[in-house]
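Have a look at the structure below, then the notes.
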There are 2 protein chains.
Amino acid sequence: MQAQTCNYVFFFSYPFNQNIMPKKTLPKLHSDFSVDCVIFGFDEGELKVLLIERNEEPYKSWKAIPGNLAQDKENLDDAAARILHDLTGLENVFMEQLHAFGKPDRHPQGRVITIAYYALIKSTTNGIHPVTTFASKALWWPAYDLPELAFDHKEIIEMALRRLTNRIRYIPIGFELLPEKFSLTQLQHIYEVILRKDIDKRNFRKKILSYGFLTELNQKQQGVSHRAARLYKFNKKIYEGLKDKGFYFEP
Amino acid sequence: MQAQTCNYVFFFSYPFNQNIMPKKTLPKLHSDFSVDCVIFGFDEGELKVLLIERNEEPYKSWKAIPGNLAQDKENLDDAAARILHDLTGLENVFMEQLHAFGKPDRHPQGRVITIAYYALIKSTTNGIHPVTTFASKALWWPAYDLPELAFDHKEIIEMALRRLTNRIRYIPIGFELLPEKFSLTQLQHIYEVILRKDIDKRNFRKKILSYGFLTELNQKQQGVSHRAARLYKFNKKIYEGLKDKGFYFEP
DNA sequence: GCAAAAGTGTTAACTTTACACCCATGT
DNA sequence: ACATGGGTGTAAAGTTAACACTTTTGC
């Protein structure tokens, strides 16, 4: 997060199809908008969302989803990746633009719309991926049981949850919430939590294996106090070939 | 489209999580962003998109999708509805936010992101719905064969097309492009064009009727030079009950 | 040996696909 | 009477859903 010096900018709030301005000197336009990021993780059988506690006004000491004003020369996607990276140290994370939120009164300092993203981050084998920077201020919270939140952030998370439920039916994104190597039961739990329903174990395995994008590893779980499960990896290449034909998975 | 007077606004370009500003007087933030709208119609067996010819800089006399800077106190959805209404006179049209586009250099006057929407408008029985205001500047263009366009508008339309292909599989939106009363063959053509494939007539009818959200009318087509087709209406209430259980239609 | 989760197959119900001819209407 | 699109049923193939017991491992 780069500090920005305080500066003044002059500008006209002109709709650009008004024809009353001098021909050659188009007015300068400028936007203050933020990029916010709903970060999901999966731990202890629960879907979690990463919240920060704000340490500035407005909404000082409220919980919020991480976000920031976008920098001047920055793509939206890059801004979202930066916010995620600053907070977690992670890169190459599954991320998708969610929605632009722009109620005129959503921000007390003026008209600030926000472009919301959501990200799915892989847990380590011991649990959710730890937060590196800002750790004292960031906390994982159960996604289906949210506290009061700053701005319209509750609305944003709720839309992200709906999007996730929707997406998992036609993109295999369950893997994004698991470690590289995972068992079929772990994967099934992701589907059960996100789709909010129980799934038959035998049918789930048959169907998910039938797509062929899971590579069976010659490895098993370690240190569990019951029969160790075989581990699998997601084979992105095979999926890429599959997805043009359409993919719909409602177990 | 309301004219806006020319004014100057002073503001600070502060990230709001910097802690160097005076406690009680938060800086005023302000955004210039536009709302653009991809308007789809269906006519002569083709999917069309409504383009305008710009009459101001930048991109004067280029073709573009209709759009405008958002007004200060306006919701994003309302701004999109206003743009559509100003151009077509229509209200209560199917409309959905598509995506926020924000490459830093997408607008020559500065950082102007745009929130893109897409809308589906019903054709009249004689063809596509006529454009009322701005008619001289607006034209229906084949959606799969676009001209050069201003800004990043081609990219926007292409994403809208992908979204439409996707949406039609799990929301029954084919109706939104047809008159209130339509024949099953008309509806099938919508699916064939948007999904870009031929569909078996008998199977299509069986499947779409099996959902129960089409009400059979005691009316037939008029003035066709062949056996007149029975007309149907979309019953929104029945669909609303259905959609919680999920809906996937890939004919 | 028991608790805990892994792993495995079959059948019936349902859904999808493929396919061809007669019907109604206007010219 | 012919051209145009409207309207209809069936059987085979494929998919989904329901269901219960044995295996492995750690304690």
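Sequence lines set the chain letters: A, B, ... in the order given, protein chains first and strands last, and positions in each chain run from 1.
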Q: Calculate the interatomic distance between B/Glu250 atom CD and C/dT16 atom C1'; express it in whole Å.
A: 12 Å
Q: Whole angstrom is fine here: how far is it from CZ in B/Phe204 over to C1' in C/dT17?
A: 16 Å
Q.
For the residue pair B/Glu96 / B/Tyr118, report whether a side-chain donor-acceptor contact shorter than 3.5 Å exists.
A. yes
Q: For B/Glu216 and D/dG7, give me the distance from atom CD to atom C1', rounded to whole Å.
A: 12 Å
**Q.** Gap between atoms CG and C1', on A/Leu187 and C/dA6 respectively (whole Å)
**A.** 15 Å
Q: Pick base, sugar-phosphate or nothing for A/Arg230, based on heavy-atom distances below 4.0 Å to the nucleic acid.
A: sugar-phosphate
Q | Nearest-angstrom distance from the residue atom NZ of A/Lys207 to C1' of D/dT15 | A | 9 Å
Q. Roughly how far, to the nearest 0.5 Å, is the CG atom of B/Leu76 from the CD1 atom of A/Ile113?
A. 6.0 Å
Q. Does NZ or CZ of A/Arg169 come closer than 6.0 Å to the centre of the six-membered ring of A/Tyr191, within 45° of the ring's axis?
A. no
Q: Starting at atom NZ of B/Lys201, determine the distance to atom P of D/dT4, rounded to an integer number of angstrom.
A: 14 Å
Q | Interatomic distance, B/Leu47 atom CG to B/His189 atom NE2 [nearest 0.5 angstrom] | A | 14.5 Å
Q | Polar side chain donor-acceptor pair, B/Glu250 to A/Tyr248, under 3.5 angstrom | A | no
Q. Counting just side-chain N and O atoms, does A/Arg205 come under 4.0 Å of either OP1 or OP2 of C/dG7?
A. yes
Q.
Under 3.5 Å, is there any donor-acceptor pair linking the side chain of A/Arg202 to the base of D/dA20?
A. yes
Q | Any B/Thr185 side-chain nitrogen or oxygen under 4.0 Å from OP1 or OP2 of D/dG6 | A | yes
**Q.** Presence of donor-acceptor pair under 3.5 Å, side chain of B/Lys206 and base of D/dT10
**A.** yes
Q | Length of the line joining B/His226:NE2 and C/dT27:C1', which is rounded to integer Å | A | 13 Å
**Q.** Between C1' of D/dG7 and CD of B/Gln186, the distance in whole Å
**A.** 16 Å
Q | Given DNA chain D, 5'-ward residue of the pair B/Asp200 and A/Arg227, judged by closest heavy atom | A | B/Asp200
Q: Would you indicate which nucleotide in C/dC19, C/dT27, D/dA17 comes nearest to any side-chain atom of B/Ser225?
A: C/dT27
**Q.** Which residue lies more 5' along DNA chain D, comparing A/Asn203 with A/Val224 via nearest heavy atoms
**A.** A/Asn203
